[in-house]
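These notes concern the structure reproduced below.
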There are 2 protein chains.
Amino acid sequence: MTTSEEKTRRAELIAAASRLFKEQGYERTTVRDLAQAVGMQSGSLFYHFRTKEEMLVAVMAAGVAELSERLEEALIGTKTPLDKLKTLFRVHLDTLLGDDKGALSVLLYEWPSLSDKARTELIKLRDGYEREWQRVLDEAAAAGLVHHDTRLLRKLLLGGLHWTIQWYKPGGESTPAELAERLLDLVLKKK
Amino acid sequence: MTTSEEKTRRAELIAAASRLFKEQGYERTTVRDLAQAVGMQSGSLFYHFRTKEEMLVAVMAAGVAELSERLEEALIGTKTPLDKLKTLFRVHLDTLLGDDKGALSVLLYEWPSLSDKARTELIKLRDGYEREWQRVLDEAAAAGLVHHDTRLLRKLLLGGLHWTIQWYKPGGESTPAELAERLLDLVLKKK
DNA sequence: CCTACCGATCGGTAGG
DNA sequence: CCTACCGATCGGTAGG
């Protein structure tokens, strides 16, 4: 079926765009780069996406969707507030530093390239993920595990985790999972 | 004297570039934008700077220099480890969120636009600032104020502080100085 | 510092 | 999805 082939091709383009946008940045990636990465002519891109920006939106939406799904799934098996807290950190860093194809890092760092309309749309999706963080942090604070100013704590922690991609080197002293544990330890009031 | 006039003009260009690079990003700012901001023709820019990238380097170098000077100056009047810790947070957020013309935020977010050569040069300057953070954190840890894993703590905190510019809104519930205090409180083991 | 300009490249389109 | 192309814009330069 043509439709399913088109979906596959579209998915390939999103995967390639994730990688290229992460490596080179959105602005420095040309439509010719993108087309070449999947073996088509640059004009053919616009059969799948109306504009280059639409590709960015697709990448970012895929990034937040994957992250939210992973977190939701990982939280299912958890019981204690501490378990949930650990899961928050681990899923975030595994996705950002580990097996992610780049969509999450594009989501974090390419906001300035979005139009106002697209930004508004994506903020809604991102807020869903942050609300999940807020819920888990509130529960942890109620259990005395972390500081009670959970809204600010959420911002500090997410910022700190987002920033790991600026300095983390794979194959170094810590895996993403180990790093998650060490970072959590920095803000834990008791164990 | 022509020389001092040239210096003034160069400083004006760096100030304009700081503002424009912060507002629009380096890639989306054109040499025509930059020239217009100081009232000259676009070709005339290249009398002051050899390339557009040289302007970015100048902005980033100015950003880290100002930040380091501010911190050094502010630390002079401090005595206790807690005082020094507070100064660390306050200077960083005052500069980033307050009166800064934009150079610091450009410094933080435009690394991917640099050539390898320029990046190496700027890393050295930035490392000086981070070493100062490390010293203060080590002293605070020795006094039992913060977690002993100060290297990772430094990364978490600097990341968290850098990220504030993504969500902080001037005129909101906290001034940069108040925010600094609240954030420090999140990682303080005792007071 | 201006004038006048250039080659390269960009995102995107028409027609098939 | 390709071919062939376009107008706009980009960073940068030569000559004064």
Side-chain angles (χ1 to χ4, degrees), chain A residues 1-60 106 110 112-119, chain B residues 1-60 106 110 112-119:
Chain A
M1 289 200 309
T2 309
T3 305
S4 95
E5 278 170 14
E6 278 175 11
K7 274 187 189 168
T8 306
R9 212 69 175 116
R10 194 184 151 92
E12 283 173 22
L13 273 167
I14 292 176
S18 297
R19 186 174 54 82
L20 287 169
F21 290 166
K22 176 183 179 179
E23 285 174 6
Q24 317 178 1
Y26 171 75
E27 303 286 350
R28 286 176 296 280
T29 301
T30 69
V31 295
R32 285 160 183 82
D33 292 334
L34 292 161
Q36 196 186 16
V38 297
M40 60 171 65
Q41 298 301 311
S42 67
S44 308
L45 277 185
F46 300 94
Y47 170 77
H48 297 278
F49 295 90
R50 268 180 307 171
T51 63
K52 185 188 167 194
E53 197 210 1
E54 207 173 75
M55 299 188 69
L56 176 58
V57 173
V59 167
M60 292 174 78
V106 174
E110 294 291 359
S113 294
L114 290 172
S115 67
D116 289 344
K117 187 165 165 291
R119 193 179 295 120
Chain B
M1 287 202 308
T2 309
T3 306
S4 94
E5 276 170 15
E6 277 175 12
K7 274 187 189 167
T8 306
R9 213 70 174 116
R10 194 184 152 92
E12 283 172 22
L13 274 167
I14 291 176
S18 297
R19 185 173 55 80
L20 287 169
F21 291 166
K22 176 183 178 179
E23 285 173 6
Q24 316 176 2
Y26 171 75
E27 303 287 351
R28 286 176 296 281
T29 301
T30 69
V31 295
R32 286 159 182 82
D33 292 334
L34 292 161
Q36 196 186 17
V38 298
M40 61 170 65
Q41 298 300 313
S42 66
S44 308
L45 276 185
F46 299 93
Y47 170 77
H48 298 278
F49 296 90
R50 268 180 308 173
T51 62
K52 185 187 167 194
E53 197 209 2
E54 209 173 74
M55 297 190 69
L56 175 59
V57 173
V59 167
M60 291 174 79
V106 174
E110 294 291 359
S113 293
L114 289 173
S115 66
D116 289 344
K117 187 165 165 290
R119 193 180 294 119

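Each chain gets a letter, A, B and so on, in the order the sequences are listed, and its residues count up from 1. Because the structure is predicted, anything quoted here is derived from the model rather than measured.
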Could you go through nucleotides 1-3 of chain C and list every protein N or O atom that sits under 3.5 Å from one of its N or O atoms, giving the distance for each pair?
| from | atom 1 | to | atom 2 | distance (Å) |
| --- | --- | --- | --- | --- |
| dC1(C) | OP1 | Arg9(B) | NE | 3.1 |
| dC1(C) | OP2 | Arg9(B) | NE | 2.7 |
| dC1(C) | OP2 | His48(B) | NE2 | 2.8 |
| dC2(C) | OP2 | Gln41(B) | N | 2.9 |
| dC2(C) | OP2 | Ser44(B) | OG | 2.5 |

- With Watson-Crick and G-U wobble geometry limited to distances under 3.5 Å, how should the secondary structure of DNA chain C be encoded in dot-bracket form, using | for bases paired to another strand and [ ] for crossing pairs? ||||||||||||||||
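- A heavy atom lying under 4.0 Å from DNA chain D marks the following residues of residues 19-34 of chain B, by number: Thr29(B), Thr30(B), Val31(B), Arg32(B).
- The interatomic distance linking Leu45(A) (CG) with dA4(D) (P) rounds to 18 Å, in whole Å.
- Residues that satisfy the side chain to side chain contact (heavy atoms under 4.5 Å, CB included) test with Ala118(A), not counting sequence neighbours, are Glu53(A), Val57(A), Leu114(A), Ser115(A).
- At least one donor-acceptor pair under 3.5 Å links the side chain of Arg9(B) to the backbone N or O of Val38(B).
- Annotation: proximity of residues 49-60 of chain B to DNA chain D (heavy atom, distance under 4.0 Å) is found for Thr51(B), Lys52(B), numbered in ascending order.
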Show me the side-chain donor-acceptor pairs of residues 13-25 of chain A shorter than 3.5 Å, one per line, residues at least two apart or across chains.
| from | atom 1 | to | atom 2 | distance (Å) |
| --- | --- | --- | --- | --- |
| Ser18(A) | OG | Ile14(A) | O | 2.8 |
| Gln24(A) | OE1 | Thr29(A) | OG1 | 3.4 |

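- Looking at Tyr26(B) and Val59(B), their side chains never come closer than 4.5 Å, going by heavy atoms from C-beta outward.
- One interatomic measurement links the two molecules: CZ of Phe46(A) to C1' of dT13(C), which rounds to 9 Å at whole-angstrom precision.
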- Task: Apply side chain to side chain contact (heavy atoms under 4.5 Å, CB included) to Arg10(A) and Phe49(A), showing your working.
- Result: CA-CA 8 Å; Arg10(A) 194 184 151 92; Phe49(A) 295 90; 3.4 Å; yes
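- For residues 41-52 of chain B, the salt bridge (Lys or Arg N to Asp or Glu O under 4.0 Å) pairs, not counting sequence neighbours, are Arg50(B)-Glu54(B).
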- Determine, stepwise, if the pair Met55(A) / His48(A) fulfils side chain to side chain contact (heavy atoms under 4.5 Å, CB included). CA-CA 9 Å; Met55(A) 299 188 69; His48(A) 297 278; over 6 Å; no
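- Phe46(B) approaches Thr51(B) most closely through the heavy-atom pair CE2-CA, 4.1 Å.
- Under the side chain to side chain donor-acceptor pair (under 3.5 Å) criterion, Arg28(B) pairs with Glu27(A), Ser113(A), not counting sequence neighbours.
- Listed by first and then second residue, the side chain to side chain donor-acceptor pair (under 3.5 Å) pairs involving residues 30-46 of chain A are Thr30(A)-Asp33(A) (not counting sequence neighbours).
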